[in-house]
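Reviewing the structure listed below.
Numbering of ligands and ligand atoms starts at 1, following listing order.
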Amino acid sequence: MNKSSRRVLVGGVLLIGTLVASATALMWQDYRQTVQQNLRHLALLAGVTQAYATQVLDANNRLLDRLANDLTTGGPSHTAGLEALMAIRLEGQPFLRGFALLDTQGRVLLSTTASERGGRADLSRLTALPPPDRSMAVRPWVAGLTLTGSASMPEGVGFIPLARPIPLPGSAAAWLVAQLDPGALLPPFADPPEAQILLTLSDGTLLAQAGHLPLGPGVSVTPHPAFARSTPPRGSHGALSLWGDRHVGAWQASAQYPLVSVVEQPHAITLQQWLAAQRGPLLLIGLATVLIGLLTRLSWRHARARERAQQELEAAHEETSRRGQQLALLVKNVQELIFRTNLHGNIRFANARWQAITGESARLARGRYLSDVVLPEHREQVAALFALHGELGVRAAQVSLQSADGQVRVLDISVVPLNSRDGEIHGFAGSAVDVTDLLAAQQQLQAQLTFTELVLECNPLPICLTDTEGRFLTVNQAWEKFMSLPRREVLGRRNVDFLPVHEAQAYEAHTAQLLREGGRVSYEERLHRPDGDVRDVQITKVQLRSSRGESLGILTTKLDITEFRAARDLAEEASRTKSEFVANISHELRTPLQSILGFSELGILRGREHPKLAAMFGDIHAAGKNMLGLVNDLLDIAKIESTVGAFHFERTDLRNLIQDVAEEMQSLLQRKRLTLNMRLGPLPLFAKVDPLRFQQVVRNILSNALKFSPEGASIEITAGLEDASALHIQVRDHGLGIPPAELESVFEAFVQSSQTRDGSGGTGLGLAICRKIIAAHGGRIHAGNAHGGGAVFHIHLPTASYSETLPSPLT
Ligand code: ADP
């Protein structure tokens, strides 16, 4: 929230606060006044009640005095006369129950109530103390209805006795007594609807009450707060705030009589009165609060809107100035020349690019003409750009100028007239781009395209370029000739439109594969040419892509392999025939060789006595054995070459296979006192191999090492993981080694190294067989020379993931 809206809000809240606070203060003041006023009113009521009771007592006392006077002076002397006099006085006094005359023993001498006459009153009930003199201390209130009746009257019934001693002729003293009804003491108006009026004796005995209390006369109300501390002194008065009961009131004590009047009222009445008086102001305050609240809200929203508008304005200013800066920066650094001229083409502003083009500072451009800087032959073109008549839109021209370094640069200039509001041209804005390099690049590209086209055209292979839907974009001459279709007939049409159904299907399938997988697709196909000729072709398809990766089309090359295929088939046939021939011959040779070996062994045995003969048979036997070795090897090669899937691969730990071969060779090793060191590692070396074939390889390598090692030397076999996918086995000896130039040729059939050719007795087929076997396992075998002399043979094999479905090797 911003300053001004916050000020409005705080102001509004303060105003409402002040209003509520002052209204509360005023109302409190008013409330206090209402309470005071009510208390005054109650005090007045208490005073009036007390005065009325005093008056009633005074009046009745005076009446009694008069009667006493009547009775003592000049009244009739006989009883009946006296009683008649009393009855006369009683008349018109509704609150006096009767008059009676008692003697000092309490006997009723005369009474206005006939039934009491002759009866006896209990004087102790009437008087508080024995009379000290003539006067009689009368109890202020006596329970009971009559003077002579018993004291056990129902509660709340009683009278106020008024007594006078009077002298009677012929008798000692007598008492004139009047019985006053306590109800007479309450003023007739004292039946207020809300206030409670109590008239009590000063000791708290209730005499009369007007109100709704369930109390009768004679009951003590001393727990009442008016009597809480002590008997109220005569003539005193006071106010009561009975907050516990929620009552307020006032009391007053009579000066002449032991009477107290108490007036009280529920506090709720005061509150109601006050509230009734407050309704108007409260409504006004409420309205004012709501009004101030609404005004505050309105002003706040207004202030907010103003602030927001202000903020937006500031942001817009900031954005404008930022954009202005960016634009200035852009204009300054843009690679185009940007300029503005007056009506006559006189430059008023040019950006920094001016310097790059003309070689002079951009500040000096002001006041120059563009026609001054271009080559003379282009001045007219430039002048036409700034013509005041003609086209109103953009005008363009391509002109040249000589730059500061002496080179001729080509500029593409665009100029647009600037119109004032009345439509008059008042200047020009323009831009110029240096297109020298672009033009050069275009020319270079054009040359490249021409060259490419030429290469395509001259290529002897039939080549075509199609889009991804198979529509011809271009074909070369060779293609036209091979397909016997002129290019004008095919361009824009689809390749499959010219092909027989099955060729079209194959074509589409390969195109789909290429588009799916990318790269290149190559396959062989038999094509039926329109002239009926059938050709075998190798088709290669490549997807061409732009530098942004978009597909530009598919380049298809056709290579006629009809002759090549025929030659290959022939060669394969010859090779197969050769293998079969070798296999047959080898097989046929083994039978007679076995006989020669058998007979020569017999000859050696028989010729033991004739050493010469035995030696001859020995030679025959050795030669026969060599021959059998050769024949076996030949048969082996023929087998490997001709059998398809004759290998039985198993997942095997190579260490066991190597160890078994080493065991086999123990006696041969010992004969030459050779030591065999094996480092096969602690972990299994699993590979998918044909165990017998693999052992054949190890056996061959190891027996070569053994053969070419000097006596007492050592041979090392090391095996381990080369990486996650390959195993590496090395066999190293300390023999003569193999001349570097022959490291590969020793793997060819019948080839032996120049070092060992003299009489090692081998056939030169062992390593050739090893290479074929290892290749059939998907591996590699090669030879090398170790540091410090000796040959080392390396075998690399894939680890066990190697598949059993490997195709068999071809020669
Ligand atoms: P063979 O041992 O029967 O002649 P091979 O194909 O097994 O046939 O070996 C071909 C030739 O490679 C051998 O004649 C020998 O000249 C050379 N050669 C093979 N192993 C070794 C070796 N460990 N040390 C030196 N020359 C070797």
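In this structure, the side chain of R655 engages the main chain of G681 through a donor-acceptor pair within 3.5 Å. Between the R679 side chain and the E716 main chain, no donor and acceptor come within less than 3.5 Å of each other. One N or O on the side chain of Q695 and one on the backbone of L657 form a donor-acceptor pair closer than 3.5 Å. Put simply, the side chain of K672 gets close to the backbone of S709: a donor and an acceptor are under 3.5 Å apart. Formation of a donor-acceptor pair under 3.5 Å by the N476 side chain with backbone atoms of I463 is found in this model. Judged by distance alone, the side chain of H621 and the main-chain N or O of F617 form no donor-acceptor pair under 3.5 Å.
Every atom of ligand 1 is numbered from 1 in the order shown, and the set under 4.0 Å from a heavy atom of V746 is 10 (C), 12 (O). Counting the atoms of ligand 1 from 1 in the order shown, those under 4.0 Å from a heavy atom of N700 are 7 (O).
At under 3.5 Å, a nitrogen or oxygen of L767, whether backbone or side chain, sits near a nitrogen or oxygen of ligand 1. An N or O contact shorter than 3.5 Å links G766 to ligand 1 by distance. At a 3.5 angstrom cut-off on N or O pairs, I738 does not count as close to ligand 1.
Judged by the shortest distance from any of its heavy atoms, F793 lies inside the 4.0 Å radius around the atoms of ligand 1. Remark: distances from the non-hydrogen atoms of L736 to ligand 1 are all 4.0 Å or more. Contact between G764 and ligand 1 is present, with at least one heavy atom of the residue lying under 4.0 Å from the ligand.
Aromatic rings of F649 and H777 (six-membered ring for Trp) have centroids within the 6.0 Å cut-off, being under it.
Contacts with ligand 1 closer than 4.0 Å are made by no heavy atom of I701, backbone or side chain. With a heavy-atom cut-off of 4.0 Å, V751 touches ligand 1 through its backbone alone. Residue K707 touches ligand 1 through its side chain alone, judged by heavy-atom distances below 4.0 Å.
By the 4.0 Å N-to-carboxylate-O rule, R565 lies too far from D560 to be salt-bridged with it.
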